[in-house]
Amino acid sequence: MRCYILTSDLQKDRAKKVAERLKSLGLEVTDKLEPYSCVVVASGGTERKILKAVEKPVVIWALPYYNSLPAVLEAYAVKNFRFFYSDINEKALEMIKVYERVFNAIKRLKDVRLGLIGGVSDWIVTDGSWVKDYVEVVEIGLGEVRVEGEGFERAYSVYQSLKEIIERYKLDALTIRCFELLNRNTTACLALHLLNDKIPAGCEGDLEAIFTMIVLRLLTNQPCWMANVNRIGETVVLSHCTVPKSMCRLVRYTTHMESGKSVGVEGILRKGIVTIARFRGKNALIAKGRILRGHLNDETLCRTQVEVEAGNLVGFGNHVVLTYGDHVEVLKEFCHFMGFKPQIRGPHHTSEAD
């Protein structure tokens, strides 16, 4: 990410000294203010320049000297914008990396082509039509999904057909009205299990859930799992009949839980820190959690099951999305730049984000 230096007319000589220090950390310095850049405030007397700069999507960097922070705080009292406070050191580089991930995700999001195959399932009553404001939604008939063979081979043919549809329509993600495939004696569980290590692939035509999967993939560059919230309390139980293969330490292919037909995926997930998210209109659930049990062996739940220490996940719909690692900060910053209201949840959080 490029850095643009702001100084007052009285402190113009500060720009050269700051630029040298920034370059010593490997940062690129530009003499032109560009969108999705970092604006380094090198002196006081810059309040009006800051307010002009934040008309573009930028992050402000306040320094601990030459009245940089006082200038930023004065401007912040007039207009809410994103800034961080640090000396020019390795700590600042970590913050730069966060905003670099956020800005890269925002720029790539507008080019995403999302395939909605077969439409939205009847029981998805949350209105995900707003997703079309952020990504291009390509509506595709379920009849384009070719199904052939028997048993496991039949389920695998759904995977092969979806790969062809992805190529034909140049899709970056998809969600499918998967339960309708039961009428053709198969499921999409195996297909989504295999696809999700390559692109976000969601179930039931749930547009809000697949949007969440897309955002997490863009921010983290790793697969994520769409799951039902099945039990709540001191811990949360999540389950679904599909899961990305790479997220599991063991996988067993069984049947689809509700129907007992075709192929369902029983994955045993690794224990560890996770982030759980869900976009719901202009709100966003963000929770840091920890997988306590990677499988419950419960026949009343969908085949892949986890128990997570995650706090309160109520209020955002049935489906949530889980990925490994702590990505709360980067998700929070993404929300602020994109106009979503982050709701931070978790074992120790039940509040709105700052």
Side-chain angles (χ1 to χ4, degrees), residues 1-2 33-39 50-61 75-76 79-84 94-114 116 126-138 171-173 175 199-200 202 206-222 224 226 275-288 313 315-317 319-323 325-346 349 351-354:
M1 184 164 53
R2 293 182 171 183
L33 178 59
E34 301 172 344
Y36 306 113
S37 61
C38 178
V39 177
I50 293 168
L51 290 173
K52 181 68 175 175
V54 297
E55 292 176 2
K56 298 182 179 182
V58 298
V59 60
I60 301 294
W61 181 355
Y76 187 76
K79 184 175 182 179
N80 191 304
F81 52 82
R82 306 313 291 168
F83 79 90
F84 67 94
E94 291 304 310
M95 291 304 302
I96 291 287
K97 289 175 184 176
V98 167
Y99 288 105
E100 197 164 36
R101 288 166 63 189
V102 170
F103 290 158
N104 285 340
I106 292 171
K107 288 186 283 186
R108 292 168 62 195
L109 183 65
K110 62 183 175 62
D111 296 323
V112 167
R113 283 172 58 85
L114 165 63
L116 174 59
T126 48
D127 180 12
S129 60
W130 60 266
V131 170
K132 297 176 182 179
D133 295 335
Y134 295 91
V135 300
E136 181 182 358
V137 177
V138 182
L171 302 179
D172 302 292
T175 181
I199 68 167
D206 188 334
L207 287 170
E208 292 190 333
I210 189 61
F211 180 80
T212 308
M213 295 175 78
I214 292 166
V215 170
L216 277 174
R217 187 63 172 253
L218 291 174
L219 289 172
T220 69
N221 196 33
Q222 62 188 37
C224 49
M226 170 183 168
T275 299
I276 297 170
R278 166 67 188 258
F279 286 88
R280 168 82 277 271
K282 279 296 183 180
N283 293 297
L285 163 72
I286 306 172
K288 178 183 174 183
L313 305 184
F316 291 83
H319 293 132
V320 295
V321 179
L322 177 150
T323 194
D326 179 358
H327 307 289
V328 171
E329 189 66 25
V330 71
L331 262 170
K332 185 178 76 173
E333 295 303 324
F334 174 88
C335 288
H336 282 294
F337 278 101
M338 293 296 290
F340 294 100
K341 188 176 182 180
Q343 301 283 329
I344 308 300
R345 306 285 178 88
H349 301 279
S351 65
E352 297 178 8
D354 296 327

S.K.: Atom CZ in F84, atom CD1 in I96: separation rounded to 0.5 Å?
M.R.: 4.0 Å
S.K.: Give the C-alpha distance, both sets of side-chain angles, the deciding distance and a yes or no for side-chain contact (heavy atoms from CB on, under 4.5 Å) between T220 and R101.
M.R.: CA-CA 8 Å; T220 69; R101 288 166 63 189; 4.1 Å; yes
S.K.: Check this for me: K52, atom NZ, are more than 12 non-hydrogen atoms of other residues, nucleotides or ligands nearer than 6.0 Å?
M.R.: no
S.K.: Quick check: closest heavy atoms across K56 and L33, and the distance to 0.1 Å?
M.R.: NZ-O, 3.1 Å
S.K.: Working to the nearest 0.5 angstrom, can you tell me the gap between D172 CG and E136 CD?
M.R.: 9.5 Å
S.K.: Answer yes or no: is there an ion pair linking E100 with K97, defined by an N-O contact shorter than 4.0 Å?
M.R.: no
S.K.: Under a 3.5 Å distance rule, please check whether T126 uses its side chain to pair with a backbone N or O of G317 as donor and acceptor.
M.R.: no
S.K.: Which atoms form the tightest heavy-atom contact between A277 and L216, and what is the distance?
M.R.: CB-CD1, 4.3 Å
S.K.: Distance from L331 atom CG to D326 atom CG, nearest 0.5 Å?
M.R.: 9.5 Å
S.K.: I'd like to know whether H319 forms a side-chain contact (heavy atoms from CB on, under 4.5 Å) with T212, so could you lay out the CA-CA distance, the side-chain angles of the two residues, the decisive distance to 0.1 Å, and finally the verdict.
M.R.: CA-CA 10 Å; H319 293 132; T212 308; over 6 Å; no
S.K.: Which heavy atom of F81 sits nearest a heavy atom of I50, and at what distance?
M.R.: CZ-CG2, 3.9 Å
S.K.: So does S37 get a backbone contact from the side chain of R2, meaning a donor-acceptor N/O pair under 3.5 Å?
M.R.: no
S.K.: Any side-chain to backbone donor/acceptor pair from R280 onto D127? Under 3.5 Å, distance only.
M.R.: yes
S.K.: Is the backbone N or O of T323 less than 3.5 Å from a side-chain atom of T275, with the two atoms forming a donor-acceptor pair by type?
M.R.: no
S.K.: Mind checking whether F334 and F340 have parallel, tilted or perpendicular rings, split at 30° and 60°?
M.R.: parallel
S.K.: Which heavy atom in V98 sits nearest to a heavy atom in E333, and how many Å separate them?
M.R.: CG1-CG, 4.2 Å
S.K.: What pair of heavy atoms forms the shortest contact from T175 to L114, and how long is it?
M.R.: N-CD1, 4.2 Å
S.K.: Could you tell me the separation between the CE atom of M1 and the CZ atom of F103, rounded to the nearest 0.5 Å?
M.R.: 5.5 Å
S.K.: Please report the shortest heavy-atom distance between L313 and A287, naming the atom on each side.
M.R.: CD2-CB, 4.0 Å
S.K.: Please report the interatomic distance CD(Q222) to NE2(H327), rounded to the nearest 0.5 Å.
M.R.: 4.0 Å
S.K.: Hey, which of V138, I210, L207 is the one that makes side-chain contact (heavy atoms from CB on, under 4.5 Å) with L116?
M.R.: L207
S.K.: Do F211 and L109 touch side chain to side chain, with heavy atoms closer than 4.5 Å?
M.R.: yes
S.K.: Please confirm whether Y134 and F279 have ring centers closer than 6.0 angstrom.
M.R.: no
S.K.: To the nearest 0.5 Å, how far apart are CH2 in W61 and CE in M95?
M.R.: 10.5 Å
S.K.: So, the side chain of E208 versus the backbone of R278: is there a donor-acceptor pair under 3.5 Å, distance only?
M.R.: no
S.K.: Atom CG of residue position N221 - does it have more than 12 heavy atoms of other residues, nucleotides or ligands inside 6.0 Å?
M.R.: no
